[in-house]
Amino acid sequence: MVRADRQRKSDGAGPSNAAEYEVGSRVSCRATFDGQYHVVDVIERKQDLRSSKWRYYVHYLEFDKRLDEWVAQERLASITKVASVDALHRVASGGGGGSGDLGQLASDQKMTRRLKRQYTEIHHVPAALEELPPIDQHLEKEHQEKTKVKNIQSVELGKHELDTWYYSPYPEPHASCNKLYICEYTLKYFRKKKTLLRHLAKCTLRHPPGDEIYRSPPAPANDPSLVGGAITNPPISMFEVDGKKSKVYCQNLCLLSKLFLDHKTLYYDVDPFLFYVMCEKDTQGYHIVGYFSKEKASAEGNNLACILTLPPYQRKGYGRFLIAFSYELSKKEGRVGSPERPLSDLGAVSYRSYWTREILEVLREHKASLSIKDISDKTAIRTDDVVKTLESLSLIKYWKGDHIISVTQKIVEDHCKTIANQKNIEIDLNRLHWTPYRQEPPSKKG
Ligand SMILES: CC(=O)SCCNC(=O)CCNC(=O)[C@H](O)C(C)(C)COP(=O)(O)OP(=O)(O)OC[C@H]1O[C@@H](n2cnc3c(N)ncnc32)[C@H](O)[C@@H]1OP(=O)(O)O
């Protein structure tokens, strides 16, 4: 699909050229995230009227959509042209390239079998369009078309400026803004900084509009996180916000979180959900770090609908804390639970890590033989998730139609060594003040 007839010039030095490409072309692109060439699909394009140069919105085939980006014409080249240069480069650099650990995993050519299985698990492949019922096919196509190009490029939230990952359906004219300014307490959004500042001058809210159901214990005097008197690990609070009572806040939260979640459709119908918002506290107020949502009554037995740690706070153990919190709530309800599917790649890797640790700890603690149901009862992790996790650790056998846990304490201890360095923020259950949601009785009108 490359329009070679319109190719203006072909340089001799590198793979880059100035050919024009149609939307739908499959070409090579030098990525911002690692400076290497990767195969991309051209999703959209626009021409600068003054320079008449094209900019292309590209999707990297090997990577998640969050790495999609607008690139200059010079960054694209035909696949065949790049192949030889890139192959040389890969050999010289020992292969690889990617974005973060997940990207690294994708392109490592010396992948072990275990890593390969993990890679397939974390790279969620959505169901093929033709496998869906016709009505869903139609909705899916509509969704894909509408969300294919990221609309808002960045948001300012408190002291952070965040680069966004995905399209979010903010209402117009905000949906077409390059950057949004968001109040970190109300999550109201503005097109201009000065409007946000005017709002902040009047806004008295300093925490999410709900009940504080958890506050982490104060750091002890000899806490290693206290460096020169400065608290590097600030106190955490969890607020429960009811989608029905604080509708606008929860809708704003969903719009914000959609910027970092690829495929969630809940934006406006927030009434049936509770939102558990995690904040770091300082003298200014409670700063949102992440959240998870949970259906008030889930027919599928899900204990979590959506989970997000805002990018500046990721990979510090907050995601694991949120997941653990969702299971503690399930334990208080006397139920087992599971996250709503599909999981994103990051969701899958975080859940797998959480399940692995919890299950290994139970196996270590209870030296007596445990059944899958025992593990599920102790952890509130649904039995199919327990089975999947044990399978990934090769700690389960299928024998005469039953799953049998096949493990020795030595094997458990060996596995435990591999998780010893995980970031784990403990939940102090004495500080959790929560009762399960009770449906309001129908009003007796008329
Ligand atoms: C049901 C659903 O909602 S599915 C959708 C899940 N949400 C999203 O995808 C939204 C965008 N992503 C996020 O918000 C975050 O990445 C979350 C919530 C999934 C994880 O939050 P974090 O605060 O980063 O999690 P945390 O620091 O506790 O890490 C959890 C585990 O995932 C791993 N992990 C997190 N990010 C990455 C990454 N980019 N690459 C590789 N591993 C990662 C961590 O190493 C850790 O594993 P370990 O303990 O074995 O070392």
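Order of appearance sets the numbers: ligands from 1, and atoms from 1 within every ligand. All values derive from a computational prediction rather than experimental measurement. Position 1 is the first residue of the sequence, and the numbers go up from there.
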K.L.:
Quick one: are the ring centres of Tyr189 and His199 less than 6.0 Å apart?
P.N.:
no

K.L.:
For atom 51 (O) of ligand 1, tell me which residue out of Gln422, Arg352, Arg66, Arg357 has the closest non-hydrogen atom.
P.N.:
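Answer by nearest heavy atom: Gln422.
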
K.L.:
Is it true that Tyr56 and Asp41 share a donor-acceptor pair across their side chains at a distance under 3.5 Å?
P.N.:
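Their side chains do not contain a donor-acceptor pair, so the 3.5 Å distance test is not met.
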
K.L.:
Numbering the atoms of ligand 1 from 1, which are under 4.0 Å from a heavy atom of Arg320?
P.N.:
28 (O), 49 (O)

K.L.:
Can Asp242 and Lys244 be counted as an ion pair, charged N to O under 4.0 angstrom?
P.N.:
no

K.L.:
Is it the side chain (CB and beyond), the backbone, both or neither of Ser350 that lies under 4.0 Å from ligand 1, heavy atoms counted?
P.N.:
both

K.L.:
Which atoms of ligand 1 sit under 4.0 Å from any heavy atom of Ser353?
P.N.:
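Answer for ligand 1: 47 (O), 48 (P), 49 (O), 50 (O).
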
K.L.:
Tell me which one of Ser293, Gly290, Gly347, Ala305 gets a heavy atom nearest to atom 2 (C) of ligand 1.
P.N.:
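Going through Ser293, Gly290, Gly347, Ala305 one by one, Ala305 has the nearest heavy atom to atom 2 (C) of ligand 1.
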
K.L.:
Out of all atoms in ligand 1, which are within 4.0 Å of some heavy atom of Cys306? Include the element for each.
P.N.:
3 (O)

K.L.:
Where do Lys179 and Arg191 land on the side-chain contact (heavy atoms from CB on, under 4.5 Å) test, with the steps shown first?
P.N.:
CA-CA 7 Å; Lys179 180 173 175 181; Arg191 286 186 297 158; over 6 Å; no

K.L.:
Atoms of ligand 1 less than 4.0 Å from Phe260 heavy atoms?
P.N.:
10 (C), 11 (C)

K.L.:
State whether the shortest distance between N or O atoms of Gly317 and N or O atoms of ligand 1 falls below 3.5 angstrom.
P.N.:
yes

K.L.:
For ligand 1, which part of Leu261 has a heavy atom less than 4.0 Å away: the side chain, the backbone, both, or neither?
P.N.:
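Leu261 to ligand 1: side-chain contact only, backbone stays beyond 4.0 Å.
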
K.L.:
Less than 3.5 Å between some nitrogen or oxygen of Tyr313 and one of ligand 1, yes or no?
P.N.:
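So ligand 1 has no N or O lying under 3.5 Å from an N or O of Tyr313.
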
K.L.:
Which part of Lys316 is near ligand 1, with near meaning a heavy atom under 4.0 Å away: side chain, backbone, both or neither?
P.N.:
backbone

K.L.:
Check this for me: Lys148, atom NZ, are more than 12 non-hydrogen atoms of other residues, nucleotides or ligands nearer than 6.0 Å?
P.N.:
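Yes, because the 6.0 Å sphere around NZ of Lys148 holds more than 12 heavy atoms from other groups.
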
K.L.:
Do you see a donor-acceptor pair shorter than 3.5 Å between the side chains of Glu156 and Tyr181?
P.N.:
no

K.L.:
When only distance counts, is Gly319 in polar contact with ligand 1, meaning an N/O pair under 3.5 Å?
P.N.:
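Yes, at least one N or O pair falls under 3.5 Å.
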
K.L.:
Looking at ligand 1, does any of its N/O atoms fall within less than 3.5 Å of an N/O of Trp165?
P.N.:
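Looking only at distances, the answer is no, because the N/O contact criterion of under 3.5 Å is not met.
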
K.L.:
Mind checking whether Leu308 has an N or O less than 3.5 Å away from an N or O of ligand 1?
P.N.:
no

K.L.:
Report yes or no: does Arg315 have a heavy atom closer than 4.0 Å to ligand 1?
P.N.:
yes

K.L.:
Considering both backbone and side-chain atoms of Glu340, is one of its nitrogen or oxygen atoms within less than 3.5 Å of a nitrogen or oxygen in ligand 1?
P.N.:
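Among all N and O atoms of Glu340, none is under 3.5 Å from an N or O of ligand 1.
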
